[in-house]
Novice: 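One structure, as structure tokens, below. Some questions next.
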Amino acid sequence: MSAELLLEELLVKRSQQKKRTSPLNYKERLFVLTRTHLDYYDGRREKRFRRGSIELSRVRCAEVVKSHGGVIPCPNKYPFQVVHDAVTLYVFAPSNESRSLWVQSLKGEIKDNAVVSTKFHPQFWQEGAWLCCRQVDKLALGCEEYNLFGDISRKPLPLIPGEKRRNERRRPPPPLPPEGGDDGDYDDDDEEEEEEEEEEEEVVIALYDFLGTEPHGLSLVQGGEYVILDKGDVNWYKARNQFSEEGYIPSNYVTEKSSTNLVQFVWFSKQVNRNKAEELLKREDKEGAFMVRASSAPGAYTVSLYAKSAAGEGGGAIKHYHIKETQAPPLQFYLAEKHLFSSIPDLIEYHKHNAAGLVARLRYPVGKQDRSAPSTAGFSYEKWEIDPAELTFMKELGSGQFGVVRLGKWRARRRVAIKAIREGAMSEEDFIEEARVMMRLSHPRLVQLYGVCSQQKPLYIVTEFLELGCLLNFLRQRRGRLGLGSLLSFCLDVSQGMQHLEAHGFIHRDLASRNCLVSSSLVVKVSDFGMTRYVLDDQYTSSSGAKFPVKWSPPEVFNFCKYSSKSDVWAYGVLMWEVFTEGRMPFEQNQNHEVVVMVTKGHRLYRPKMAPPAIYDIMQLSWRERPDDRPPFSQLSQMISDALEADAPPPN
Ligand code: ADP
């Protein structure tokens, strides 16, 4: 009898707010309550249409939600909640009667559950807080007693004498909800069962292997599927594997499983720009090597394809094809006019077998499988203290303001850079305090902070290791050998990293090519963000000091030490200039104090020979006197990305 149908009705469910900022959406679902489950379906009650299934034994609370006149942006205005595990599902019924029936029925089904809550939240969780008590922790204990035997939408119902048998009461649907105000269609005697519902499970696919070494970690196997249980930390999701083991996984190692999500395909590389795509394809040097990447135009995609020249001149030609969309519905995709597909994966599949107008078939996907896994925000969830015994030291990489930097390994496996802080060089306590914030800044264009060894002297700062060292030296060593595409690509990398800092309200304060590092795949990442705040050296921190980066500073910084993301934008313009002069010193002939006078009078760096006028225009925008007149990094990234795409016109 486990599948016995108790209730069935079309209701509306609200999406879970997985991130504070994610928009809420409301979907109509066919809800079905049985003795064991609350299921919901997209349309028909068939397994393939099932979008969620909640085991009633896991339900902790079913209750009305008091909306107190708040706007409910769906046609059904009677919300109720089903809390199970750490999840609250919100469902909207079309009438008070319908809602009461669901809530009471659910309550009846869960009344013997060991997990039933003692307290609950009578109002919504919305935009990162409980509306009832303003607590901002989603898992915060409820603020009101939970009454399993009452319905808070109404006065307590009287017991109905001569109670009906359970099975009779729970007859299957026929069309709910009742019109009018008759809520006496069921009773709330203590025989009644209660049930609750569960949110759609979010399934993700692992893009890389991950070894969960800590007790609360969960390992990932590339291609494996995992259910996400909690997204409370943007960098570390709690997940469950197929063996029902639970633990934390790095969020950037997985992608949503969905037919429209391209990230799960090996041939898709979102972050790869035109220049990098060409480098990767040339490196493979295989006929029909291809990848699909995001175009510079938002929401558009490009297929980059390598074909060995038919004339056999050696080398190969790379073509970039925009994936086009039909203008009239239904939405379809195509590369060549006659071949239309309802999805991009279908289109790729077709062209794997048929060139159909392309220079070659899509024979050989070049993508993630060739690249190493990205950095994680620390080695594990909530772990920033690193045991120095787990570090081994290798060669010296360089030395800077804080001390010597060495290449090392963590747990004999992961290569890291270890900075040993010289005595008296840093205000260490302040830094350690901030390190937790900095660890959470995780982006493919930022040098990742993995953690610190703070229980010893010297203090160690452990970060991601980048094979090719600092950008300034890299540029100088390769003078005359870097093309326009590569230079633009470096600038775009930095701008994207800075965009992430800007979005998080984090100011770099010392952006310059000497503070960027280059990976073996020629990706540039921003390093040392915010670190000047911990330097104990007047020559460096005072704007009149010899080491102060005057040549990278706008007037409001060298006059008033007024730092902002817009002062970072100024420094970024100077960094672009360094890139396009292949590592020259800005204002080479001038001392810092002279530069202050020159810049104050409106003088700016000249146009580097390698910078086309349109690129120099971008530099000049970043050197506008008024901070508000300088473009944000999001706009700079777009302009550079457009310039990169325009570097060579697409063939189709
Ligand atoms: P500081 O912050 O003490 O001024 P830097 O960060 O400038 O030190 O590091 C000094 C040098 O060490 C850099 O110029 C670079 O060559 C090398 N280095 C620093 N961090 C790394 C890293 N993560 N990967 C590779 N090389 C690094």
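Numbering of residues begins at 1 and proceeds along the displayed sequence. Scope of the values below: all heavy atoms of this structure, side chains included, with no hydrogens, waters or symmetry mates. As the structure lists them, so they are numbered: ligands from 1, and atoms in each ligand from 1.
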Novice: For ligand 1, is there an N or O atom under 3.5 Å from any N or O atom of Gln401?
Specialist: yes

Novice: Which of the listed options, Leu517, Asn473, Leu472, Ile461, holds the heavy atom that is closest to atom 15 (C) of ligand 1?
Specialist: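 When every heavy atom of Leu517, Asn473, Leu472, Ile461 is considered, Leu517 comes closest to atom 15 (C) of ligand 1.
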
Novice: Taking only heavy atoms of Lys419, which atoms of ligand 1 are found under 4.0 Å from at least one of them?
Specialist: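 Near Lys419, the atoms of ligand 1 are 1 (P), 2 (O), 5 (P), 6 (O), 8 (O).
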
Novice: Which atoms of ligand 1 sit under 4.0 Å from any heavy atom of Gly403?
Specialist: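 What qualifies from ligand 1 is 3 (O).
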
Novice: Using distance alone, decide if ligand 1 has a nitrogen or oxygen within less than 3.5 Å of any nitrogen or oxygen in Phe465.
Specialist: no

Novice: Can you tell me if CD on Glu214 sees more than 12 non-hydrogen neighbours from other groups inside 6.0 Å?
Specialist: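 Enclosed: over 12 neighbouring heavy atoms sit under 6.0 Å from CD of Glu214.
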
Novice: Show me which atoms of ligand 1 lie under 4.0 Å from any heavy atom of Thr463.
Specialist: 23 (N)

Novice: Measure from atom 13 (C) of ligand 1 to the protein's non-hydrogen atoms and state whether any distance is below 4.0 Å.
Specialist: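 So atom 13 (C) of ligand 1 lacks protein heavy-atom neighbours under 4.0 Å.
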
Novice: Out of the candidates Asn252, Thr255, Val254, only one should pair with Leu207 under the side chain to side chain contact (heavy atoms under 4.5 Å, CB included) rule; please name it.
Specialist: Thr255

Novice: Does the side chain of Thr213 pick up a donor-acceptor pair with the side chain of Arg411 at under 3.5 Å?
Specialist: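 Present: a donor and an acceptor within the cut-off.
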
Novice: By number and element, which atoms of ligand 1 are closer than 4.0 Å to a non-hydrogen atom of Glu464?
Specialist: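 Near Glu464, the atoms of ligand 1 are 22 (C), 23 (N).
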
Novice: Is the Trp410-Tyr450 ring centre distance short of 6.0 angstrom?
Specialist: no

Novice: Considering the heavy atoms of Phe402, write down every atom of ligand 1 situated less than 4.0 Å from one of them.
Specialist: 1 (P), 2 (O), 3 (O)

Novice: For ligand 1, which atoms, with element, lie under 4.0 Å from some heavy atom of Ala417?
Specialist: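 Counting from 1, the qualifying ligand atoms are 22 (C), 23 (N).
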
